[in-house]
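Structure first, commentary second.
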Amino acid sequence: MPEQGIARYKYIFDEILRMTDDGFIVVDRDGIVTDINDQYCDFLGKPREEIVGYPIQKTISNSKMVDIVNRRYREELALHKFLPGESKENDNNFLLVSRSCVCDSEDRAVAGVAQVKFRLQTLDSAKRLMSEYAELEFYKEEYRKAGNCKISFDSIVGTSEAFLEKKRLGLKAAWTDFAVLLTGETGTGKELFARAIHNASNRADKPMVSINCAAIPSELLESELFGYADGAFTGARKGGKPGKFQLANGGTLFLDEIGDMPLNMQAKILRTLQESEVEPVGGSGPVPVDVRVISATRQNLPKLIESGNFREDLYYRLNVINIEIPSLRERRGDILDLSNHFLSQLNQEFQRTTVLSPEVKRCFVSYQWPGNVRELDNVIKGAYATCDGFTIDLTDLPGKMSLPKDSLLMDSRKQLAELMNDYEREVILAVLRDKGGNCQRTAEELGIHRSALYKKMNKLGIDPAAIPHRQTSKLLPE
């Protein structure tokens, strides 16, 4: 090889030895040290001049390098223990070593090389890798959730006009980067709406990160939201930890139960939204973030503002677009569609063909559902687990669902005839929607003749032509 080429490789080799965290030592075929990097010199506690040009046994008396060269073999990640006094740190006197004989093009042994893994540096590298791994696992889990159930407005079950209007508003909100405040009773599907908004936005390829403000102790909430720097407090992870704002950078942060956030944290959230930057706990300065915030609450924020428990300035920052998700009582026409949806998922999972009895359907339509869609899902799962045969009957439902006080009929402001008409109208409408507006199938489901159904519909002012097909309608007019 020309001299110029040899020099080039020498420069490359020297740079590699400087960059690595490992120690390297090279000997010739006689065991004389020809090269060693600074990291290894520092570990041994000797200057390079006292090592290079001397037999390796002078520095490392129990070295195997001469044997490696003479017998022409290699070993990887072997444990080497240094004798007392031959390393600078007595508590770090063993290493993982990989050794090998080096042969030329004619298969003649020309050198031996050893690479050592310093224990403390290796642990530091492992900790850094674990930190990166934890963050990667977080993104993988979020991606898995999104991938397994890619929520869109079309996939959210509900065709009642009140609910369709909310989906239209959600789709319009997705086209902007404005903050969205989702309000409504517990169990109405606010997080589902938040995911649909994110997935319909131009941030859909970035993460959506969620945090329940009511579920995190107040003393931990700041570090969860804003992260912390290395050594910020006792027990802090080495290298620090990114907060939810940083994990959501470029994407969407969903602040669930924002009404339960402590006042001191509300001020820090407000500053973050105003400045588009976060300051990690124990950090040396702000970190810029680009996050679209969607928040949700079951509480009445204006009342919390009046009582001094919620900042008015933060409220206006979060409430640029307000979407109030209707309760299940306000969209009774969707109850059977939701019931069939949950039941189909269970049947698919457990390979069964269980159905709801007509009495259960009527009960579902008349029940008040204080827990809304979440309660409906739980009731169906409980009944599915306990029912005998292929039909869920009234006896499979929780006892509270058969109590009159929970019924749609309990309204003291109306006369009995009015209450009966309201109940009958809701039942007929629900079954009609379930049967896609087919009167013959609706009459069969209700156990009455079709002519009797027509008379009741005429009396109650029900127009079958106005009943939408069960398939979700288009959210926006063409």
Side-chain angles (χ1 to χ4, degrees), residues 1-136 230 237-239:
M1 180 181 293
E3 185 176 342
Q4 187 176 7
I6 295 175
R8 175 175 176 272
Y9 279 103
K10 180 69 167 64
Y11 294 139
I12 294 172
F13 180 69
D14 289 344
E15 184 62 25
I16 291 172
L17 295 186
R18 279 192 292 270
M19 289 173 58
T20 181
D21 289 332
D22 299 336
F24 278 89
I25 190 167
V26 182
V27 299
D28 63 16
R29 58 192 303 171
D30 298 317
I32 305 299
V33 178
T34 60
D35 215 336
I36 186 171
N37 65 347
D38 293 338
Q39 291 88 323
Y40 208 173
C41 288
D42 182 65
F43 172 81
L44 295 170
K46 292 184 177 182
R48 178 183 175 87
E49 294 75 19
E50 292 184 15
I51 301 173
V52 175
Y54 297 94
I56 191 169
Q57 286 88 349
K58 180 177 181 295
T59 304
I60 308 169
S61 58
N62 59 349
S63 172
K64 295 176 63 177
M65 288 302 295
V66 174
D67 187 59
I68 290 281
V69 175
N70 290 337
R71 296 174 55 194
R72 298 160 60 118
Y73 68 93
R74 64 185 302 171
E75 57 183 9
E76 295 185 4
L77 298 178
L79 189 64
H80 180 87
K81 182 172 178 61
F82 285 79
L83 297 180
E86 292 193 353
S87 65
K88 186 170 66 174
E89 302 175 24
N90 291 328
D91 63 341
N92 190 25
N93 59 0
F94 65 88
L95 298 173
L96 290 175
V97 183
S98 296
R99 310 179 181 96
S100 179
C101 175
V102 180
C103 296
D104 62 13
S105 58
E106 297 180 4
D107 200 31
R108 292 176 300 193
V110 294
V113 61
Q115 175 191 20
V116 296
K117 295 283 186 183
F118 299 124
R119 184 166 44 140
L120 294 180
Q121 286 88 333
T122 300
L123 287 174
D124 286 342
S125 297
K127 289 175 181 176
R128 289 198 302 271
L129 287 172
M130 287 302 294
S131 174
E132 295 294 329
Y133 176 75
E135 187 172 342
L136 175 63
D230 188 6
R237 191 172 72 185
K238 187 172 179 61

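Any value given below was found using the heavy atoms of this structure, including those in side chains, with hydrogens, waters and symmetry copies removed. Since we're looking at a predicted model, the values are computed, not measured.
Asp22 places no side-chain N or O within donor-acceptor distance of the main-chain N or O of Gln115, the cut-off being under 3.5 Å. The closest donor-acceptor contact from the side chain of Arg48 to the backbone of Asp38 lies at 3.5 Å or more, if one exists at all. Not one N or O on the side chain of Asp30 forms a donor-acceptor pair closer than 3.5 Å with the backbone of Pro55. A donor-acceptor pair under 3.5 Å is formed between the side chain of Glu86 and the backbone N or O of Ser61.
The line from CD1 of Ile25 to CD1 of Ile60 is 4.5 Å long, rounded to the nearest 0.5 Å. To the nearest 0.5 Å, atom CD1 of residue Ile32 and atom CD1 of residue Ile56 are 10.0 Å apart. A distance of 12.5 Å separates CD of Glu75 from SG of Cys101, quoted to the nearest 0.5 Å. Taken from OG1 in Thr34 to CD1 in Ile51, the straight-line distance is 12.5 Å, to the nearest 0.5 Å.
Nearest approach of Gly23 to Tyr40, heavy atoms of both residues: CA-CB, 4.0 Å. Scanning all heavy atoms of the two residues, the minimum distance from Met65 to Gly112 falls at CE-C, 3.2 Å. Between Lys58 and Glu50, the shortest heavy-atom distance links the atoms NZ-O, 4.0 Å. Contact detail for Val69 and Ala109: the closest heavy-atom pair is O-CB, 4.0 Å.
Using a 4.5 Å cut-off on side-chain heavy atoms (C-beta onward), Phe24 and Ile36 make no contact. In this structure the side chain of Val33 never reaches within 4.5 angstrom of the side chain of Thr59, judged on heavy atoms.
Remark: Glu49 pairs with no residue by the side-chain hydrogen bond (donor to acceptor under 3.5 Å, both in side chains) rule, at least two apart or across chains. Scored by the salt bridge (charged side-chain N to carboxylate O under 4.0 Å, His left out) test, Arg72 finds Asp107 as partners (sequence neighbours excluded).
The environment of OH in Tyr54 is sparse: at most 12 heavy-atom neighbours from other residues, nucleotides or ligands sit within 6.0 Å.
Below 30°, between 30° and 60°, or above 60°: for Phe82 and His80 the angle between ring planes is above 60°, a perpendicular geometry.
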